[in-house]
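A short write-up of the structure that comes next.
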Amino acid sequence: MLDFLNEPINIAIDGQVATGKTLIGSELARLLKYKFIDTGLFYRYFATTYYNHHVDNLSDEIINSNITIDDLEKINQLSDKEYLQIGTYAAEIAKDNGVREAINTIINRLVNGKGFVVVGRDVTTKILPNAEIKIVLDADIETRVFRRMNQLEYKNDFTSIFDDLMQHDYKLYDLIQKAKQISTIIDMKNLSLNQVIQKILKLVIYHSLQH
């Protein structure tokens, strides 16, 4: 259906926690026949690898690793509960600017050429600053809380998830604001994930028609 599009481009998708970046990005990549990269998987991969293992300089360990996109498959095999649990440690190592720079360097190394959909932190500002399509997904806290509760099969109460997302929002506020300044903002309130995907596809088609 999308075979009429011109040369492939790169698409960068940022946004708040629990906006569905991964689901939206992976489906978009499937429809466009692009390669998909979720930057969060890299943080989870290294969190899993070095959890309970002391290293003197984690950023050096990361930058010297030979990680490939295929290595991330073990993270995709985690259950939703395990995925979210390791995400707690991943969030801790992400506070280290050296770790973030190391992971961004690795992703830049892997994103070679065009035809990529990359989602996650720093994608619009540092990883793919020249992406033809840059998106920030925006949603109110209540929408994201209920989405996360659904992921956890309602095993966590509203208050604990609300508090967790508020903490993430506070920590990521400046990064998200910078991303919004250079991106198209999609307000996800009252939109299904499929409707969001269709909005992004329209931007891709429009870009193709203009070039």
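What's counted below: heavy atoms across the whole structure, side chains too, no hydrogens, waters or symmetry copies.
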* To do: Assess whether side chain to side chain contact (heavy atoms under 4.5 Å, CB included) is satisfied between I106 and F46, documenting all intermediate values.
  => CA-CA 12 Å; I106 287 175; F46 289 113; 4.1 Å; yes
* Determine, stepwise, if the pair I133 / H207 fulfils side chain to side chain contact (heavy atoms under 4.5 Å, CB included). => CA-CA 8 Å; I133 303 291; H207 179 275; 4.1 Å; yes
* Can I24 and I200 be said to form a side chain to side chain contact (heavy atoms under 4.5 Å, CB included), step by step? -> CA-CA 9 Å; I24 289 169; I200 299 174; 3.9 Å; yes
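A heavy-atom distance below 4.5 Å is not found between the side chains of I62 and I67. For the pair L23 and R147, the minimum side-chain heavy-atom distance is below 4.5 Å. When side chains are defined from C-beta on, T39 does not count as touching I103, because their heavy atoms never get closer than 4.5 Å. L28 places a side-chain heavy atom less than 4.5 Å from the side chain of I11. Within the 4.5 Å cutoff, side-chain heavy atoms of Y34 are placed close to those of I9. Inter-residue side-chain proximity for Q181 and T125 is flagged as unmet; no heavy-atom pair is nearer than 4.5 Å. Residues I127 and I37 are not in side-chain contact: their nearest non-hydrogen atoms beyond the backbone lie 4.5 Å or more apart. Residues L137 and V119 fail the side-chain proximity criterion, which asks for heavy atoms closer than 4.5 Å.
Taken together through direct or relayed side-chain contacts under 4.5 Å among Ile, Leu, Val, Met, Phe, Trp and Tyr, I182 and Y173 form parts of separate hydrophobic clusters. Under a hydrophobic clustering in which Ile, Leu, Val, Met, Phe, Trp and Tyr are joined whenever their side-chain heavy atoms come within less than 4.5 Å, directly or via other members, Y170 and V136 fall into different clusters. Taken together through direct or relayed side-chain contacts under 4.5 Å among Ile, Leu, Val, Met, Phe, Trp and Tyr, L110 and I107 form part of one hydrophobic cluster. Taken together through direct or relayed side-chain contacts under 4.5 Å among Ile, Leu, Val, Met, Phe, Trp and Tyr, Y206 and V117 form parts of separate hydrophobic clusters.
Aromatic ring centroids of F146 and F158 lie under 6.0 Å apart.
Between I63 and A102 the shortest heavy-atom distance is CD1-O, 3.7 Å. S26 and F36 make their closest contact through N-CE1, 3.4 Å (heavy atoms, listed as atom of the first residue, atom of the second, distance). In terms of heavy-atom proximity, N66 sits nearest to D71 at O-OD2, 3.9 Å. Counting all heavy atoms, side chain and backbone alike, V145 lies closest to F162 at CG2-CA, 3.7 Å. Closest of all the heavy-atom pairs between Q16 and I176 is N-CD1, 4.1 Å. Contact detail for E132 and N10: the closest heavy-atom pair is OE1-N, 2.9 Å.
By the 6.0 Å contact criterion, CD on Q177 is enclosed, its count of non-hydrogen atoms from other residues, nucleotides or ligands being greater than 12. Taking a 6.0 Å sphere around NZ of K180, one finds it holds more than 12 heavy atoms contributed by other residues, nucleotides or ligands. Heavy atoms of other residues, nucleotides or ligands lying less than 6.0 angstrom from CG of N112 number 12 at most.
Atom CD1 of I13 sits about 10.0 Å away from atom NZ of K21, to the nearest 0.5 Å. Rounding to the nearest 0.5 Å gives a distance of 11.5 Å between CG of D187 and OG1 of T19. In this structure, OH in Y43 is found 8.0 Å from CD1 in I93, a value given to the nearest 0.5 Å. Considering OG of S65 and CZ of F42, their distance stands at 9.0 Å, rounded to 0.5 Å.
The main-chain N or O of V17 is found under 3.5 Å from a side-chain atom of R144 such that the two form a donor-acceptor pair. Not a single donor-acceptor pair under 3.5 Å links the side chain of S208 to the backbone N or O of V204. Judged by distance alone, with hydrogens and angles left aside, the side-chain atoms of K35 form no donor-acceptor pair with the main-chain N or O of G115 at under 3.5 Å.
Residues satisfying the salt bridge (Lys or Arg N to Asp or Glu O under 4.0 Å) test with E61, not counting sequence neighbours, are none. Taking the side-chain contact (heavy atoms from CB on, under 4.5 Å) definition, one finds that L191 meets it with I186, Q195, V196, K199, sequence neighbours left out.
Each side-chain hydrogen bond (donor to acceptor under 3.5 Å, both in side chains) pair with one or both residues in residues 99-108, not counting sequence neighbours, appears once here: R100-D122, N104-D122.
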